[in-house]
Amino acid sequence: MKAMFIVMPLIYLGGSGYLLWRTWSLVAGAPLWLRILYVLFYAVVSMSLFISIGARDAALPEWLLGGMFRVGSVWILLMFYMIMALTLCDVVGWVVPSFHAKLPVAFALTLAVMLYGYINYRNPRIERIDISLDKPIENEALKIVAVSDVHLGYGTGKRDLQRYVEMINREMPDVVLIVGDLIDNSIAPVRRARMQEELSQIEAPHGVFLVLGNHEYISGAESCIEFLKQTPIRVLRDSVATLPSGVQIVGRDDRMNRNRLSLEELLSKCDPARPIVLLDHQPYDLAASDAAAVELQISGHTHHGQVFPLNIVTDMMYEQSHGYRKWQHSHIFVLSGLSLWGPPFRIGTRSDMAVITLK
């Protein structure tokens, strides 16, 4: 893990340097002052995301921090796909020596892919699943809306949240479950935008429940919990809430808390005769949940890689990286996230919201 914090920045710096070298022809014949300005502009854009994250709690103007976050987020993906497109154009150039328009073609391909990715991101998919259980449920059915990874902050703002709340309320759920990473990197922009107003508009007669994700810990878990007290959202930290239907919502604290209860300790708080819905942000040790015969587990965190080819990486990393799967005993749903972190693009993946009916 520590090696990653060394290797990833080196890869990023190497990629930035490579793209600077490939685009240098744009200013190669320009005056010296323009070339210097280009390098400075390139450096600021390349580092703007990391500057905005590092200064997230600083007393800087909202427009500056938010603007740097958005510009830097877009830049990361632009750079990533430009390098892929340039590599493809190089291969074509070897096969067809007369092909010289590598830079403009690579740029056009990258813009087309990113436009598709943005439109795709703006249209989350609603997954509808009916699950029949052996254990009793009062009133015969319970309608759950589950979301994860909204990442409120500079990337997902007040307008986006309004749209998501409307999506949730249109489903008329009995209960809403938020499976971690509601907050992004800092609670400060969420407070300043008064996003508790939108969160308080979520309508669910049996309540709205949330478990912490790793980003709540990055933002400051206690600060996030204090903020959420202004809303009807109930935070579950290694605790159980029993709904009027008899369904037990088990909220497990995130893996960032090394002192969180074991699954066995947490399930000992439950009535085994009643259905159990386990919320755990990061989808690790799913086989343990299945062995414990948990009726339903809902997780998030993976974003399903968010963009190609990172979705292939998450498929290799996790037992189940996204979507619904019936294990031997348990039904498990890993959400890709209603929103996302950083670049506002979904390429090869989809944002999602689950509507699950327990019968």
Side-chain angles (χ1 to χ4, degrees), residues 123-150 160-182 198-211 213 228 231-236 239-252 267 270-281 283 286 289 293-301 320 322-327 329-339 350-359:
N123 293 276
R125 175 171 51 200
I126 298 178
E127 299 279 6
R128 302 182 188 277
I129 301 168
D130 290 348
I131 297 176
S132 296
L133 304 177
D134 295 330
K135 296 178 182 178
I137 297 176
E138 299 296 332
N139 301 323
E140 298 183 351
L142 178 74
K143 188 175 186 181
I144 298 169
V145 165
V147 301
S148 75
D149 300 276
V150 182
D160 299 309
L161 179 56
Q162 288 171 344
R163 187 165 58 92
Y164 293 147
V165 169
E166 288 169 5
M167 279 182 62
I168 292 169
N169 289 344
R170 274 198 299 270
E171 296 299 325
M172 295 185 290
D174 296 314
V175 63
V176 173
L177 307 178
I178 304 172
V179 197
D181 284 3
L182 176 66
E198 285 69 35
L199 292 171
S200 297
Q201 292 171 15
I202 299 174
E203 298 170 0
H206 293 182
V208 182
F209 299 89
L210 172 144
V211 292
L228 290 170
T231 76
I233 296 172
R234 179 176 168 186
V235 180
L236 299 177
S239 56
V240 181
T242 302
L243 304 183
S245 61
V247 173
Q248 300 164 102
I249 308 298
V250 180
R252 195 168 187 200
L267 294 181
C270 298
D271 178 357
R274 292 288 188 173
I276 294 172
V277 177
L278 174 64
L279 309 181
D280 191 355
H281 176 64
L286 300 182
S289 298
V294 168
E295 275 70 33
L296 171 63
Q297 174 170 334
I298 307 173
S299 297
H301 181 66
Q320 181 179 335
H322 77 291
Y324 168 78
R325 174 181 162 191
K326 172 63 168 71
W327 289 56
H329 303 290
S330 301
H331 300 265
I332 296 180
F333 198 113
V334 180
L335 293 154
S336 294
L338 187 53
S339 187
R350 290 290 298 271
S351 298
D352 61 12
M353 179 177 88
V355 179
I356 303 170
T357 303
L358 299 183
K359 299 180 179 179

Quiz item: Atom CG in Asp149, atom CD1 in Ile178: separation rounded to 0.5 Å?
Solution: 11.5 Å
Exercise. Using a 4.5 Å cut-off on heavy atoms from C-beta on, say whether the side chain of Ile202 contacts that of Asn169.
Key: yes
Quiz item: Do Thr231 side-chain atoms and Leu228 backbone N/O form a donor-acceptor pair below 3.5 Å?
Solution: yes
Quiz item: Shortest non-hydrogen contact from Val145 to Glu171?
Solution: CG2-CB, 3.8 Å
Exercise. Can you measure from CG (Leu296) to CD1 (Ile131) and round to the nearest 0.5 angstrom?
Key: 5.0 Å
Quiz prompt | Ion pair Glu127/Arg350, N-O distance below 4.0 Å | solution = no
Quiz item: If only atom types and distance count, is the side chain of Gln320 paired as donor or acceptor with the main-chain N or O of Leu286 below 3.5 Å?
Solution: no
Quiz item: With a 4.5 Å limit on heavy-atom distance, are the side chains of His301 and Ser148 in contact?
Solution: no
Quiz item: Do the side chain of His281 and the main chain of Val179 share a donor and acceptor less than 3.5 angstrom apart?
Solution: yes
Quiz item: Side chains of Gln297 and Arg252: does their closest heavy-atom pair fall under 4.5 Å?
Solution: no
Practice problem: Specify whether Phe333 and Tyr324 have parallel, tilted or perpendicular ring planes, treating 30° as the upper limit for parallel and 60° as the lower limit for perpendicular. | Solution: tilted
Self-check item: Heavy-atom closest contact (Val175 atom, Ala204 atom, distance)
Solution: CA-CB, 3.9 Å
Quiz item: Looking only at heavy atoms, what is the nearest atom pair of Pro275 and Leu133, with distance?
Solution: CB-CD1, 3.8 Å
Quiz item: Does the pair Ile298 and Ile356 meet the rule for a side chain to side chain contact (heavy atoms under 4.5 Å, CB included), with working shown?
Solution: CA-CA 10 Å; Ile298 307 173; Ile356 303 170; 4.0 Å; yes
Quiz item: Which pair of non-hydrogen atoms, one from Asp280 and one from Ser299, has the smallest distance, and what is that distance?
Solution: O-OG, 2.6 Å
Quiz item: Are any of the side-chain heavy atoms of Val250 and Val294 separated by less than 4.5 Å?
Solution: no
Practice problem: Kindly say whether Ser336 contributes a backbone atom to a donor-acceptor pair with the side chain of Asp352 at under 3.5 angstrom? | Solution: yes
Quiz item: Would you call Pro232 and Ser200 a side-chain contact if the rule is heavy atoms closer than 4.5 Å?
Solution: yes
Quiz item: Considering only heavy atoms from C-beta outward, does the side chain of Arg274 approach that of Pro136 to under 4.5 Å?
Solution: yes
Quiz item: Distance from Leu161 atom CG to Leu199 atom CG, nearest 0.5 Å?
Solution: 5.0 Å
Quiz item: Atom CD1 of Ile129 and atom CG of Leu358: how far apart are they, to the nearest 0.5 Å?
Solution: 10.5 Å
Quiz prompt | Partners meeting side-chain contact (heavy atoms from CB on, under 4.5 Å) with Met167 (sequence neighbours left out) | solution = Pro124, Ile126, Tyr164, Arg170, Leu338, Met353
Exercise. Measure across Ser330 and Ala293 and return the closest heavy-atom pair with its distance rounded to 0.1 Å.
Key: OG-C, 4.1 Å
Self-check item: Considering all heavy atoms, the nearest Leu278-Ser289 contact
Solution: CD2-OG, 3.7 Å
Quiz item: According to the side-chain hydrogen bond (donor to acceptor under 3.5 Å, both in side chains) rule, which pairs have a member within residues 134-147, sequence neighbours left out?
Solution: Lys135-Glu295
Quiz item: Just how far is it from atom CG of Leu210 to atom CG of Asp181, taken to the nearest 0.5 Å?
Solution: 9.5 Å
Quiz item: To the nearest 0.5 Å, how far apart are CG in Asp130 and NE2 in His331?
Solution: 11.0 Å
Quiz item: Does Val247 reach the side chain of Ile144, with side-chain heavy atoms less than 4.5 Å apart?
Solution: no
Quiz item: When you measure from the side chain of Ser245 to the backbone N and O of Leu142, does any donor-acceptor pair fall under 3.5 Å?
Solution: no
Exercise. Test Phe209 against Leu243 for side chain to side chain contact (heavy atoms under 4.5 Å, CB included), laying out the working first.
Key: CA-CA 11 Å; Phe209 299 89; Leu243 304 183; 3.7 Å; yes
